[in-house]
Protein chains: 2
Amino acid sequence: MEDLSRFIENINHKTRLSPENMGRLMSAFQVVKVKRKQLLIQPGFVAKYRIYILKGAFHSYVIDDKGNEHTIQFAVEDWWLSDYNSYIHQTPATQFVEALENSIILQIDHQTEQELKDANLELATLFRLMAEHSAAYLARRIVSNLTQSAEERYNDFVAKYPKVVQRLPQYALASYLNMTREFLSKIRNDKVRKKVN
Amino acid sequence: MEDLSRFIENINHKTRLSPENMGRLMSAFQVVKVKRKQLLIQPGFVAKYRIYILKGAFHSYVIDDKGNEHTIQFAVEDWWLSDYNSYIHQTPATQFVEALENSIILQIDHQTEQELKDANLELATLFRLMAEHSAAYLARRIVSNLTQSAEERYNDFVAKYPKVVQRLPQYALASYLNMTREFLSKIRNDKVRKKVN
DNA sequence: TGTTTTTCTTAAGCTAGTTCATCGTTCTGA
DNA sequence: TCAGAACGATGAACTAGCTTAAGAAAAACA
């Protein structure tokens, strides 16, 4: 049996649910084990699930016309993840969602989520807050992309998620930060050299 | 009196409201006239209003450490606008929201919106859908920034919003598309030359 | 445990996009 | 209606970040 205390805390941190609603919510999710490199979402298929990570790490990415991979999003323990456009609008996905480690997730399918949203005000509020927080987070990321240099974006990411950085493959972090892996390698090693001198 | 038919349509397009809820929603907004160059939101102040544009055009922008202006968002007729982080979390804004033309807007203040969200499921659903659509839109923009070249971003913008382009100052569009005004000027004129040949 | 595959580093050459400076044009507000 | 300010075009010099290539290190897995 998995430990769901942090999941419950995550929900309660957004809005207080009655015991009945919390129970209803909990039973709407199913626990799934996922092997490293396994794909949860693939371009062309509609994203059926919204995912919460109990253990492990994922990234979502697209592959552009030239065949280059671009990481759109990371997620580790206690983060939510999906192909947002595909899940919300129930249209074919454009992103891959892939496990970076052997992982354990909770997933809720779109239909069930819809029923919860329509069930009562408390549950509707929960999902409204999730969407609002997502939008606010994405807006901050756009500002960062428009205003910061590659090195600043890297420094900020390290400052914000020092533990996460060590678990991510460098090529995925580089493309998430909108630079090549080679350039990220250079930034990191220039930094080390400065410290030594 | 302003014509609110397109506003009503905008709402109905998201979710069907009962006549009572539509009335309640409508009376929560106030009509405001705004002069060109007037600021609706300024860094340091909490964004009090969510804005719907009846007539006119706005952009939101930040000013970075070096004093450079970066347009974050445009909005014309029938678009919604605010400093999303500031409005949702009621924290001090980081963005300016400025009228590009003499405009007429509808605005709802955060407190009133909160009351509507808490009033009943139908209104809660409306605001949930607005947040979900915002998040999905922002996610698409992030993908575009990560995968496209400057010229591709420009071409896509023109293809999507051909009418809007003509109303925007070029320097604002350039920074929205994450390039300098000079480079956008070059892209445009290279394009003209190609057509001539 | 060894071998295969994936990831990371380094460096040289390159280019998409920037910076700076100047000039012509178009607003705009009094 | 006109003077000042804001905006856009252009070109030359520059640079942040990319490409390519090849070897070293690390991780995966049989």
Side-chain angles (χ1 to χ4, degrees), chain A residues 34-38 56-57 59 61 64-71 74 98-103 144-155 157-158 165-194 196, chain B residues 35-38 56-57 59 61 63-71 74 96 98-103 144-155 157-158 165-196:
Chain A
V34 184
K35 281 232 177 285
R36 188 180 129 82
K37 302 230 166 177
Q38 192 180 321
H59 71 153
Y61 61 93
D64 70 19
D65 313 330
K66 291 178 213 139
N68 297 319
E69 187 178 312
H70 301 268
T71 289
F74 289 116
E98 186 189 70
L100 293 167
E101 308 170 357
N102 294 333
S103 303
S144 148
N145 275 334
L146 288 177
T147 57
Q148 296 185 297
S149 68
E151 185 165 359
E152 286 168 339
R153 292 195 299 277
Y154 171 70
N155 290 341
F157 190 90
V158 173
V165 171
Q166 293 156 39
R167 289 166 68 184
L168 304 177
Q170 194 160 312
Y171 70 87
L173 177 55
S175 75
Y176 175 87
L177 294 171
N178 209 2
M179 66 185 87
T180 57
R181 56 189 79 186
E182 293 88 345
F183 194 66
L184 176 53
S185 180
K186 184 175 183 304
I187 288 176
R188 278 185 154 164
N189 291 48
D190 287 356
K191 216 170 285 297
V192 171
R193 254 165 239 144
K194 267 185 200 161
V196 170
Chain B
K35 281 232 177 284
R36 186 181 132 83
K37 302 231 166 176
Q38 192 180 322
H59 71 153
Y61 60 93
I63 296 190
D64 69 18
D65 313 331
K66 292 179 211 136
N68 296 319
E69 187 179 312
H70 301 268
T71 288
F74 289 116
F96 296 84
E98 188 189 69
L100 292 168
E101 308 170 356
N102 294 333
S103 304
S144 148
N145 276 334
L146 287 177
T147 57
Q148 295 185 299
S149 68
E151 186 165 357
E152 286 168 340
R153 292 195 299 277
Y154 171 69
N155 290 340
F157 190 91
V158 173
V165 171
Q166 292 156 39
R167 289 166 68 184
L168 304 177
Q170 193 161 312
Y171 70 88
L173 178 56
S175 74
Y176 175 86
L177 295 172
N178 208 2
M179 66 185 86
T180 58
R181 56 190 79 184
E182 292 91 342
F183 194 66
L184 177 53
S185 179
K186 184 175 182 303
I187 288 176
R188 280 186 154 164
N189 291 48
D190 285 357
K191 215 169 286 296
V192 172
R193 255 165 239 142
K194 267 184 201 162
K195 270 192 189 158
V196 170

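Chain naming here is simple, since letters A, B, ... match the order of the sequence lines and numbering starts at 1 in each.
The minimum heavy-atom distance between A:Thr71 and A:Ser175, with the atom names listed, is N-OG, 2.8 Å. The minimum heavy-atom distance between A:Ala57 and A:Ser103, with the atom names listed, is N-OG, 3.3 Å.
Across B:Arg167, B:Lys35, B:Arg36, a single residue satisfies side-chain hydrogen bond (donor to acceptor under 3.5 Å, both in side chains) together with B:Glu101, and that is B:Arg167.
What separates CZ of B:Arg181 from P of D:dG11 is a distance of 19 Å, to the nearest Å. Distance, A:Lys186 NZ to C:dC8 C1': 16 Å, rounded to whole Å. Computed from coordinates, the A:Phe183 CZ to C:dA11 C1' distance equals 14 Å when rounded to whole Å. The distance between atom OH of B:Tyr171 and atom P of C:dC20, rounded to the nearest whole Å, is 20 Å. Atom CG of B:Asn145 and atom C1' of D:dG17 are 16 Å apart (whole Å). At whole-Å resolution of the value, CG in A:Asn68 and C1' in D:dT20 are 13 Å apart.
Here the side chain of A:Met179 is nearest to one of D:dA21, D:dC18, C:dG17, namely D:dC18. In this structure, the nucleotide among C:dT18, D:dT19, C:dT9 sitting nearest to the side chain of A:Gln170 is C:dT9. For B:Pro169, whose side chain is taken as the heavy atoms from C-beta onward, the closest listed nucleotide among D:dG8, C:dA16, D:dG17 is D:dG8.
Backbone-only engagement by A:Arg36 is indicated by non-hydrogen atom pairs under 4.0 Å involving sugar-phosphate atoms exclusively.
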